[in-house]
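Take a look at the structure set out below.
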Amino acid sequence: MHFHEKDDFPYLQFDSLTIPQLQHAIFTRQGGISPAPFDSLNLSVSVADSKDNVYANRRRAYGLFGRDTETAVHAHLVHGNQVSVVTRADYGTWPLGDAIVTNEPGCALTMNFADCGSVFLYDPINHAIGLGHAGWKGAICNLPGAMVRAMTAAYGSRPADLLAALGPCIGVCCYEVGEPVISEVHATFAEPETLLRNVGGERPHFDLAEANRRNLQNAGVAKIEMPNLCTACRTDLFFSHRAEKGKTGRFGSMFILV
Ligand SMILES: [Zn+2]
């Protein structure tokens, strides 16, 4: 993963997805106009920021790719494993669910985050993409695996062909958990002790990125880029629901098939 700056506006890109067939970005919290605690590039109207600020921020961020709120497909996130197959006909809509996939060139996918992990999938053979959102609930209900199956069903994608990338999320360094996370991880994953790590405190810390990586691996995906950036450690770069005790914004991502 590397920083890209265009017009002094920083955003992150995965090395493996920086290819002519794709446009993509994980925006930071920098470069917008929202005041604290949404400072400054908050892209979500689901927090108590003003809609005018959010729409201005989207024009700035999505505008890098010639898009705006009405020329992208969003997602109404519910921490589940439902995947929506979308096209440009879905522009300006918010399908219910935590993943959207498309094989239509030019169709822009976008999604917002504050500690949960983003999942990017690209099928270079059938030319299709997917963008997903998985926090601990998404990892437990295997949202990454559901995305792989949805792309197989819709586009004939073979898991072994997929390029996957997992965006910045809350790291094992900062993600202390209790019940029901502990029980759910034990019920869901093999070797749960490797995902619930003892880092010295009374309670274990959950390794969300590794859980999502295993979901992809179990679905047959072999090529997976992971940036190892913690949103709670890096509140200079990202919004963190945990580190900022819920009073924060949402940073965005965008994914487009050229
Ligand atoms: Zn951390």
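The structure presented is a predicted model; accordingly, all values stated were derived computationally and were not measured. Read the numbers this way: they start at 1 and go in the same order the structure lists the ligands and their atoms.
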Polar protein atoms near the Zn ion (ligand 1) [N, O or S; cut-off under 2.8 Å]: Cys173 SG, Cys174 SG, Cys230 SG, Cys233 SG
Atom NZ of Lys247 with >12 non-hydrogen neighbours under 6.0 angstrom: no
From CA spacing to verdict: salt bridge (Lys or Arg N to Asp or Glu O under 4.0 Å), Glu244, Arg29: CA-CA 13 Å; Glu244 299 174 281; Arg29 68 186 292 167; 3.0 Å; yes
Sequence-distant partners of Ser118, side chain to side chain contact (heavy atoms under 4.5 Å, CB included), two or more places apart: Ile26, Phe113, Phe120
Contacts of Ala146 that satisfy side chain to side chain contact (heavy atoms under 4.5 Å, CB included) - sequence neighbours left out: Asn81, Val83, Arg149
All pairs passing side chain to side chain donor-acceptor pair (under 3.5 Å) where residues 97-109 contributes a residue, at least two apart: Arg88-Glu104, Asp98-His133
Ser40 backbone acceptor or donor facing Asn57 side chain under 3.5 Å: yes
